[in-house]
Amino acid sequence: MDSFGPAKYKPYNRSSIQRTPHWERMPRDLREAVDVVSHVLPFRTNQYVLDELIDWDHIPDDPIFRLNFPHESMLAPDDYATLRDVLRSGDKKQLAKQIHAVRSSMNPHPAGQLTHNVPELDGEVVPGIQHKYAETVLFFPSAGQTCHAYCTFCFRWPQFVGEEDLHFAARDASGLAAYLKRHPEVTDVLITGGDPMIMRTANLERYLEPLLSPDLAHIQNIRIGTKAVGYWPQRFVSDVDADDLLRLFERVVGAGKHLALMGHYNHPAELRPAIAQEALRRITATGAVVRMQSPVLRHINDDPSAWHELWTQGVKLGAIPYYMFVERDTGARAYFELPLVEAYDIFRTAYGSVSGLSRTVRGPSMSAFPGKVLIDGVPTIRGEKVFALQFLQAREGGLVRRPFYAKFDPQATWFDQLVPAFGEPRFFFEDETATADPSVLSQPLDLVGV
Ligand SMILES: *Cc1c(COP(=O)(O)O)cnc(C)c1O
Ligand code: SF4
């Protein structure tokens with residue numbers, strides 16, 4: 001077995017990356033683009049990603065490079081040119097104005113994040129939780145609202161650049177526990193962020209411990225969304241409190257809970273390093289389960305062979321394929337999005353190439369306002385080519401898994417662009433969710449990486 005000594009955790013931002021040898025390896029135009037774009041979209045990476053995951057002989061096409069480093073085409077050409085010129089001019093006031101203008105044009109708050117799905121207890125908003133689907137409550141600990149590296153497609157980007165008020169995050173689990181006591185229908189708590197695994201073990205423990213209390217016996221499943229399995233596996237192997245973390249996982253499992261790490265893996269390169277495999281071995285040895293999820297992204301994983309490797313290697317190492325998402329409608333969306341029909345073809349081709357043990361995965365799925373919508377096929381019915389759709393999750397539980405159909409549209413990239421098939425005036429669920437604001441079809445938390 002490999003042995004892994006302690007590694008120093010070293011993050012990089014826009015300034016410090018410019019003092020690394022890696023920076024020197026980047027052509028001038030790429031460096032300029034990183035500098036310009038990272039004034040608008042957040043940039044953060046770490047030493048492990050730089051040294052172990054990026055293949056510097058293949059930049060800029062290397063998928064992990066593209067996932068970590070901003071690119072010129074993530075901004076509209078005019079916005080890029082204006083921003084670059086203002087930067088060169090050194091006019092700080094104009095720069096701040098320009099940054100804000102570009103951010104505002106990138107749909108920073110898809111679907112009113114702070115207004116939907118936020119539950120109340122005795123007339124008071126409970127901080128740090130969201131409750132959309134009956135059985136699962138999301139929990140946002142305030143200490144876990146940042147990440148080990150910022151994925152360039154991340155829908156949480158306004159939070160990382162400080163444009164979003166973080167007051168919704170919770171400083172402790174007392175509000176969560178009180179809410180859960182009143183909600184016996186809830187079986188799952190999903191701790192999310194950012195990345196909760198950015199927290200030290202002692203901090204995480206403070207949030208987890210209350211969930212093990214006997215009066216929360218109805219909470220069967222505790223999930224933790226994390227990118228650390230891919231971008232900082234040292235968290236589970238060689239960090240000073242890595243062993244404490246594994247003991248904590250054992251305690252949660254020993255208390256009779258199912259503990260699932262919802263691992264955000266975008267590309268099989270994240271599974272190749274020995275330490276990433278060791279992290280999986282150590283996590284699964286505690287009795288916790290790792291599940292894998294990711295959006296399908298142009299330039300990154302828009303190739304069935306990437307998913308084939310991810311799912312088959314994952315299964316071999318003990319991780320269970322869970323969701324393939326459709327890229328959300330925010331941020332550098334134009335750079336990453338794919339027509340739904342392409343996302344479906346990638347899914348089907350990859351799914352068809354793996355054994356049943358990898359076919360636990362579902363997708364491609366869009367987190368839209370009424371629920372998670374699965375693209376289930378592109379059949380021709382009564383002479384009309386359509387998208388066959390289903391809800392995998394719905395605000396209204398009764399909608400789940402009822403097939404419905406949208407007109408085929410080869411260009412459509414998101415649910416709000418679809419219209420009902422067969423000339424029908426509305427989708428079957430639209431009567432039932434008539435109170436929802438129809439202008440807000442997307443739903444805030446897609447949980448791709450979290
Ligand atoms: C995806 C999601 C969940 C979890 O759904 P599962 O299908 O149980 O994984 C819970 N809440 C929200 C808001 C979600 O988007
Ligand atoms: S996608 Fe997830 S892991 Fe990546 S930066 Fe966003 S919250 Fe963090």
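When a ligand or atom number is given, it counts from 1 through the structure's own listing order.
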Any side-chain donor near an acceptor of the partner, Y231 and H264, under 3.5 Å:
no
Examine the side chains of D51 and H22 and answer whether a donor and an acceptor come within less than 3.5 Å of each other.
yes
Parallel, tilted or perpendicular for F429 and F391, by the 30°/60° rule?
perpendicular
Side chains of E135 and Q393, donor plus acceptor under 3.5 Å:
yes
Is it the case that R328 places NZ or CZ above or below the six-membered ring of F153, under 6.0 angstrom from the centre and within 45 degrees of the axis?
no
Does some non-hydrogen atom of L138 fall short of 4.0 Å from ligand 1?
yes
Which of the atoms of ligand 2 are close to C154, meaning less than 4.0 Å from one of its heavy atoms?
1 (S), 5 (S), 6 (Fe), 7 (S)
Purely on distance, is any nitrogen or oxygen of Y133 under 3.5 Å from one on ligand 1?
no
Which segment of H264 sits under 4.0 Å of ligand 2 when only heavy atoms are counted
side chain
Give a yes/no on ligand 1: does R223 have at least one heavy atom closer than 4.0 angstrom to it?
yes
Within 4.0 Å of some non-hydrogen atom of A149, the atoms of ligand 2 are 5 (S)
Ligand 1 atoms nearer than 4.0 angstrom to some heavy atom of Y322 are 6 (P), 7 (O), 8 (O), 9 (O)
A student comparing Q393, K372, R362 should find that the heavy atom closest to atom 3 (C) of ligand 1 comes from K372
Ligand 2 atoms nearer than 4.0 angstrom to some heavy atom of K227 are 3 (S)
Within less than 2.8 Å of atom 4 (Fe) of ligand 2, any N, O or S from C151?
yes
Check whether the ring centres of H131 and Y179 lie less than 6.0 Å apart, and answer yes or no.
yes
At under 4.0 Å between heavy atoms, which part of F160 makes contact with ligand 2: side chain, backbone, both or neither?
side chain
Per-atom contacts, ligand 1 versus Y323 - under 4.0 Å to a heavy atom:
6 (P), 7 (O), 9 (O)
For F65 together with H71, are the ring centres under 6.0 Å from each other?
yes
Does a donor on one side chain sit under 3.5 Å from an acceptor on the other, for T201 and R235?
yes
Need the ligand 2 atom indices (1-based, order shown) with element for anything under 4.0 Å from a heavy-atom of C147.
3 (S), 5 (S), 7 (S), 8 (Fe)
Compute both the distance and the angle, then confirm whether R395 meets the cation-pi test with Y133: under 6.0 Å from the six-membered ring centre, within 45 degrees of the axis.
no
